[in-house]
There are 2 protein chains.
Amino acid sequence: MRNAGGVRVTIREVADRAGVSAATVSRVLNKPEMVDPDTKERVRSAMESLNFHPNAIARGLSSTHTHTIGLLVPAIQDFFFDELYFGIDKETRANGMKVLFFDAQHSRHRALEGFSFLRQHQVDGIIFTSQLVDEDYDAVIERLGIPVVLTLTESSGKFPIPSYKTDEVKAMFDSVSYLVSRGHRRIGFITGHMQEDSTGVLRTEGFKQGLAHYGIPYREAFTQRGDYRFDSGYAAMQRLLERQADNRLTAICCISDEMAIGAMHCLHDHGLRVPDDMSVMGFDDVRVARMVMPKLTTISQPFTEIGQHAVRAVLQMSQEPSLPYPTGVHYLPHHLVERASVRTVTVDAAD
Amino acid sequence: MRNAGGVRVTIREVADRAGVSAATVSRVLNKPEMVDPDTKERVRSAMESLNFHPNAIARGLSSTHTHTIGLLVPAIQDFFFDELYFGIDKETRANGMKVLFFDAQHSRHRALEGFSFLRQHQVDGIIFTSQLVDEDYDAVIERLGIPVVLTLTESSGKFPIPSYKTDEVKAMFDSVSYLVSRGHRRIGFITGHMQEDSTGVLRTEGFKQGLAHYGIPYREAFTQRGDYRFDSGYAAMQRLLERQADNRLTAICCISDEMAIGAMHCLHDHGLRVPDDMSVMGFDDVRVARMVMPKLTTISQPFTEIGQHAVRAVLQMSQEPSLPYPTGVHYLPHHLVERASVRTVTVDAAD
DNA sequence: TTGTATGCGTTATCAA
DNA sequence: TTGATAACGCATACAA
């Protein structure tokens, strides 16, 4: 660090000023109980007057644990991020740890860069979130040499990376069940592009299983794809509406709240009311889901809890390496939040 | 770093494997042109087979600049954050820098902690955002010894910290002007608690100036306070509605989009339509402003540009310390985004 | 072109 | 309880 004049102040200068050795200064920093109260006081006031802050970089060099965990996310703009972060922050804080954050901006290249960045900053472990984690990451993660935990996603590779998330297949199945229980059988589907997108694949699988369970055939004509964001939801709905004369949809099932909201806007712009003329179902239960009108009926993911679990797993892996790793996928319970965007419909006899 | 077995792989082991010295390995990393092609090749394949990645921490210890800038924000949950971050990320990236992020969760104590954390990680400078930056921060920032730049806020202290933001007084004045031009004179006001909240103070000042300019008296009875978030906007509107028989408001002016949206929901729950029965005006133009119905008319802040300017300022201050600091407040232009939540009203003769 | 020696700021080990 | 001294992983003068 530097004082106001720009001169670096190190532990050694504090030591000189306090008339002790560098080791002692280090001790008042890390193991204050081991040092004499008087000297401790002298050292502290020396630090104060010299305006000294320990260099975390050098610190990480000497000691193994930095008490910092890395967080690598696809994009901070994703609406779910604030809740996930809330859980992570809460839990790290409760354990006296810090979070080092890196945003990959939906780029695989930047995700790799992120691993390297976090690694180089000597984090004790990494929490990773991405739409896709395939076998290409296996080698990267394996050779990283520090614990990695997945949230909201799972790996399709062979390396058994611990993962905390909801059972998306089941969640989407439940979503369909709900719509069917409300009388819907002609259900439009707005999903992901399915490329580099395991989330989309799983949710689509759940959607299909749901339909199959109720004896409703899955139709490509009822499906449109987007990128999880508002505009793409709007556009997908637009395309669905162009075929509406044939399709005669009564409900739209979306794999993200943001696309659901986009769809609602598109419907509105075409003079269709939600849920009177068309029901809309979301997925995620992000904070905005209850800010739109009608409030969005959706599947709630326990983002905060997922974040907390992930932190605990990383801590356990890094602090108790003797314990077996919590490998594999850990499902946390989702639940359906019934609000106002889906209505009950009388079954169309023609179907 | 460690390989799969958990053993650290350093530059030295690469050197051994390649049959050269550590210095040579360091050279192929930093000045490859100085190394014989053959040795270079041997070293590279040694790095490859040992799965070696340089430790940037140790690297940063030797050199001064970490090419990382610190970002200290009040709370990641704030909806404006994603756009601000977008600008910051874009600009840092363009300059080959990284961002180290810290979330203060609206706590002054944690903000102080954040300064220390970022400082200890040797960032080249810090971008700071907070609802309040008073003279108490002067000392902290001054002795930090690295450049600090403010965004979306300004300091009330004496230390001339550079600041990038919009002119909130003027922006709120414009908001009132717009409402008045639409025929509104009985305007409700949902603002902040004004304690530890310079943003609220400035926007309230702008609101009052606006009213005064049009000869409309400011009335406490038309004002309610909240914490910028959805629920508090709802509650504030609720209280306003309780006096509506006396107040006969035709429009509500809010100092944040989120509170405006909360107010809209409250109105809806009371059977009042926006904008037919009541106009609502927001502030910020966060991404959700266009996701609600009706879409929110609001004041747009150029978050992305503000982020970019802040980064440039930090870089200039840290890389060209000889140049004068860009001290003082730099206003970036706001503009009013006319959407659908405000309607024109015929002036009430009784007013 | 390459190797040796030293420093960066801190922690850890071992004596005292 | 404290102090020397040796790491930690890398970069860089300086020497060869």
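Sequence lines set the chain letters: A, B, ... in the order given, protein chains first and strands last, and positions in each chain run from 1. No experiment lies behind these values; they were computed from the predicted model shown.
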N/O (side chain, T39(B)) to phosphate O (OP1/OP2, dT2(C)) under 4.0 Å | yes
E13(B) CD to dG9(D) P, in whole Å, measures 8 Å
When rounded to whole Å, the CZ to P distance for the pair R42(B) and dT1(C) reads 14 Å
Separation of dG9(D) atom P from L50(B) atom CG, nearest Å, is 14 Å
When rounded to whole Å, the NE2 to P distance for the pair H53(A) and dT10(C) reads 12 Å
Residues in residues 20-28 of chain A with a heavy atom under 4.0 Å of DNA chain C, by number, are A23(A), S26(A), R27(A)
To the nearest angstrom, the CZ-P distance between R12(A) and dG7(C) comes to 11 Å
Across all chains, not counting sequence neighbours, the side chain to side chain donor-acceptor pair (under 3.5 Å) partners of T129(A) are T151(A)
Checking dT2(C), dA11(D), dC10(D) against the side chain of N30(B) (C-beta onward), the nearest is dA11(D)
Problem set entry | R93(B)/E113(A) ion pair, N-O < 4.0 Å | yes
Next on the checklist: For R119(B) and N55(A), which I'm curious about, is there any donor-acceptor pair between the side chains at under 3.5 Å?
Outcome noted: no
Check your understanding: Does the separation of the ring centres of F101(B) and F81(B) fall below 6.0 angstrom?
Key -> yes
Open item on the list: Check the orientation of F79(B) and F79(A). Use parallel for under 30°, tilted for 30 to 60°, and perpendicular for over 60°.
Closed with: perpendicular
Taken to the nearest whole Å, CD1/I11(B) to P/dT2(C) is 15 Å
Q122(B) CD to dC8(C) C1', in whole Å, measures 10 Å
Less than 4.0 Å between a side-chain N and a carboxylate O, is that true for R110(B) and D89(A)? yes
Atom CD of E33(B) and atom C1' of dT2(C) are separated, to the nearest Å, by 15 Å
